[in-house]
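In what follows, residues are counted from 1 in the order of the sequence shown.
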Amino acid sequence: MVRIAVTGATGVLGQEAVAALVGAGHEVTGVTRRDRGIPIIEGRGARAVVADVFDADDLARTFRAHDVVINTLAHVPVDMTAMRPLAWREDDKLHLEASAAIAQAAARAGVRRLIQESTVFLYPDNGSEWIGEDEPLAVRDRAFRPRVREMRAAVDFATEGRSAVILRLGQLFGRDPQTTHTLQATRDRKAVLLGKPENYITLLHHRDAGRAFVSALRAGSGFYNVGGEPITRERWAKDLGREAKAKGPAKFIPEITQAIVGTRLEVQRRSLRVSSVRFMSETGWRPTIGPSTPGWSRM
Ligand SMILES: NC(=O)c1ccc[n+]([C@@H]2O[C@H](COP(=O)([O-])OP(=O)(O)OC[C@H]3O[C@@H](n4cnc5c(N)ncnc54)[C@H](OP(=O)(O)O)[C@@H]3O)[C@@H](O)[C@H]2O)c1
C-alpha cells in the first residue's frame, strides 16, 4: 500500500486515476480547490483535501506523509473555442505555475516519487513512421513553453534519490466532454476531425489512462508514451460513426479551414504513430479498451 496525493482529482483524468489507485489498494488523497469537489473525490473512495495548487506552502502541508504525488491538472478547452489563444490561459497557468509549485512542494514534503501527466501532442508530425520517447519534441513555439517548463520541474524533482515519471498520454477518448462533443457533431453530420484521413492518431481510453497511473508506480524515472495501438484517422472516423450510431463516419474539416486553426489545434493535425512499448515492457500495462470496442463512450 502506497500513500498517494492526486492533484486535479475531480477532473476527467484525475477521477479515473483516483478510482484505479483506490481499486489497487492504495491510500489516496484527492486535492481540489473548492468544497464542491469533495463529494466527487469521496465518491471515488479517496480522502479529499481543499488546497490551492498555486501555493507551494499549502501544497507542502497537504503532501506531508505521502509517498507519491500524481499531477493530472489540466483545463483543456473543448470544441473549436480551442482556436482562441485566450481559451488556453488557465491550462497554461496550470502547466507553467501549478506544476512547478507541485514539484517543489512534493520535494519539501519528503515525497519520493512524482508522476506527471504530459502529452504526445508535443511530438512532430512523423507521417507513418513510429515515434518513440527519444524522438525530439516540436516545441519551438512559445505556446508550448508551459508544457516544457512542467517537464523540467518534474525532471528537477528527480534528484537526491527521488524519482519522476512523466507520462505522455495519447489523445483521450471516452465519456469526456471533448469526445461527447465529437460524437454529437458526427451524429449531426458536421465536420469535426482535424488532420488527413491517412494520418495516424494514438488514442487512450480514460479507463486505461487511470490504470496507467497505477502502473507508473513501478516504473523507473523517465519519459513514457502511453497509448493504444495507433490507427489511421480514417479508421477513427469510422469508429466514431459506429459508436455515435450516425449515418456515416465522422467528417473531416476542409483543408482550407484546417490551415487557419492556429498553433494549439495544429498539433491535432499531426500524424502521430506513437509506440508505448517502453511503458508496456517496463510496467506490464496494456490498453484494454480500443476505439473499436463497442460501447466505449459509455464506459
Ligand atoms: N491527452 C489528452 O488528450 C487530454 C489531456 C487532458 C484533458 N483532455 C480533455 O480535455 C477535456 C477537459 O478535461 P480537463 O481534464 O482538461 O478539465 P477538467 O476535467 O475540467 O479539469 C481538471 C481539474 O483541474 C482542476 N482545475 C482546472 N482549472 C483549474 C484552475 N484554474 N485552478 C485550479 N485547478 C483547476 C479542477 O479541479 P478542482 O475544480 O476540483 O479544483 C479540475 O477538476 C476532456 O474532454 C479531456 O478528456 C485531453
Pro294 and Arg242, any side-chain heavy atoms less than 4.5 Å apart
no
With rounding to the nearest 0.5 Å, note down the distance linking CZ in Arg152 to CD1 in Ile166.
11.0 Å
Check: Glu150 side chain, Ala100 main-chain N or O, donor-acceptor pair, under 3.5 Å:
no
Connected via hydrophobic side-chain network under 4.5 Å: Val148 and Val165:
no
Answer yes or no: does atom CZ of Arg89 have more than 12 heavy-atom neighbours from other residues, nucleotides or ligands under 6.0 Å?
no
Shortest non-hydrogen separation from Ala9 to Val18 and the atoms involved
CB-CG2, 4.0 Å
So do Val76 and Trp88 actually touch side chain to side chain, heavy atoms under 4.5 Å?
yes
In this structure, are over 12 heavy atoms from other groups packed under 6.0 Å from Arg286 atom CZ?
yes
For the residue pair Phe63 and Ala5, what are the closest heavy atoms and their distance?
CD2-CB, 3.8 Å
State plainly whether the residues Arg278 and Asp134 are in salt-bridge range, i.e. N to O under 4.0 Å.
yes
Find out whether Leu217 and Ile4 are in side-chain contact, i.e. whether some heavy atom of one side chain is under 4.5 Å from a heavy atom of the other.
yes
When you group the ILVMFWY residues by side-chain heavy-atom contacts below 4.5 Å and let the links chain together, are Leu167 and Leu21 in the same group?
yes
Considering the options Val69, Val49, Ile102, which one meets the side-chain contact (heavy atoms from CB on, under 4.5 Å) requirement together with Leu59?
Ile102
d(Asn126 CG, Tyr200 OH) to nearest 0.5 Å is 12.0 Å
Are any non-hydrogen side-chain atoms of Phe157 and Gln116 less than 4.5 angstrom apart?
no
Side-chain heavy atoms under 4.5 angstrom apart, residues restricted to Ile, Leu, Val, Met, Phe, Trp, Tyr: same cluster for Leu203 and Met299?
yes
Quick check on Glu129: does its CD atom have over 12 non-hydrogen neighbours (other residues, nucleotides or ligands) under 6.0 Å away?
no
Apply side-chain contact (heavy atoms from CB on, under 4.5 Å) to residues His205 and Thr293 and explain how you reach the verdict.
CA-CA 10 Å; His205 194 273; Thr293 308; over 6 Å; no
Arg187 side-chain N/O to Ala244 backbone N/O, donor-acceptor pair under 3.5 Å:
yes
Could you measure the distance from the CD1 atom of Ile231 to the CH2 atom of Trp236? Nearest 0.5 Å is fine.
7.0 Å
So, the side chain of Ser99 versus the backbone of Leu94: is there a donor-acceptor pair under 3.5 Å, distance only?
yes
Does any part of the side chain of Arg269, heavy atoms only, come nearer than 4.5 Å to the side chain of Arg233, both counted from C-beta?
no
Checking Glu27, Arg112, Arg3, His26 against Asp67 for side-chain contact (heavy atoms from CB on, under 4.5 Å), the one that qualifies is Arg3
Tightest non-hydrogen contact, residues Trp130 and Pro230, listed as CZ3-CG, 3.6 Å
Please check if the side chain of Glu42 supplies one atom and the backbone of Ala48 the other of a donor-acceptor pair under 3.5 Å.
no
Inter-residue atom distance Thr182.OG1 - Gln171.CD, 0.5 Å rounding:
7.5 Å
Val274/Phe121 under side-chain contact (heavy atoms from CB on, under 4.5 Å): CA gap, chis, key distance, verdict:
CA-CA 10 Å; Val274 178; Phe121 288 117; over 6 Å; no
Measure across Ser128 and Arg273 and return the closest heavy-atom pair with its distance rounded to 0.1 Å.
O-NH1, 2.8 Å
Using side-chain hydrogen bond (donor to acceptor under 3.5 Å, both in side chains) as the criterion, point out the one residue from Asp141, Asp92, Asp91 that pairs with Arg264.
Asp92
Ignoring hydrogens, what is the shortest heavy-atom contact between Phe173 and Ile289? Give both atom names and the distance.
CZ-O, 3.7 Å
Report yes if some heavy atom in the side chain of Leu13 is under 4.5 Å from a heavy atom in the side chain of Leu169; otherwise report no.
yes
Just how far is it from atom NE2 of His206 to atom CG of Leu204, taken to the nearest 0.5 Å?
8.0 Å
Take Leu114 and Arg162 through the test side-chain contact (heavy atoms from CB on, under 4.5 Å) and record every step on the way to the result.
CA-CA 8 Å; Leu114 174 65; Arg162 296 189 292 260; over 6 Å; no
Look at the side chain of Thr72 and the backbone N and O of Thr7, then say whether any donor-acceptor pair between them is shorter than 3.5 Å.
yes
Taking only Lys NZ, Arg NE, NH1 and NH2, and the carboxylate oxygens of Asp or Glu, determine whether Arg207 and Glu16 approach each other closer than 4.0 Å.
yes
Please answer whether the main-chain N or O of Leu272 pairs with a side-chain N or O of Thr202 as donor and acceptor at a distance below 3.5 Å.
yes
Does a side-chain heavy-atom distance below 4.5 Å link Arg211 with Thr288?
yes
Please check this pair: side chain of Arg113 against backbone of Ala216, looking for a donor-acceptor N/O pair closer than 3.5 Å.
yes
Just by modelled atom types, is the Arg168 backbone N or O under 3.5 Å from a matching donor or acceptor in the Ser118 side chain?
no
Which atoms form the tightest heavy-atom contact between Pro146 and Arg142, and what is the distance?
CD-O, 4.0 Å
Closer than 3.5 angstrom, by distance alone: can the side chain of Glu266 be matched with the main-chain N or O of Val261 as a donor-acceptor pair?
no
Only one of Ile201, Ile253, Leu240 passes side-chain contact (heavy atoms from CB on, under 4.5 Å) with Leu193, and that residue is Leu240
Co-membership, hydrophobic cluster, residues Met151 and Val139, 4.5 Å side-chain
yes
Is the shortest heavy-atom distance from the side chain of Leu172 to the side chain of Thr179 under 4.5 Å?
no
Between Val226 and Leu73, is there shared hydrophobic-cluster membership here, with clusters defined by ILVMFWY side-chain heavy atoms closer than 4.5 Å?
no
Check ion pair Asp239-Arg235 (N to O, under 4.0 angstrom):
yes
In sequence, state the C-alpha distance, the side-chain angles, and the governing distance for Leu183 and Glu243, and then conclude on side-chain contact (heavy atoms from CB on, under 4.5 Å).
CA-CA 8 Å; Leu183 288 167; Glu243 186 66 14; 4.2 Å; yes
Under 3.5 Å donor-acceptor, Ser163 side chain and Ser221 backbone
no
In this structure, CD1 of Ile260 is separated from CG of Leu265 (nearest 0.5 Å) by 11.0 Å
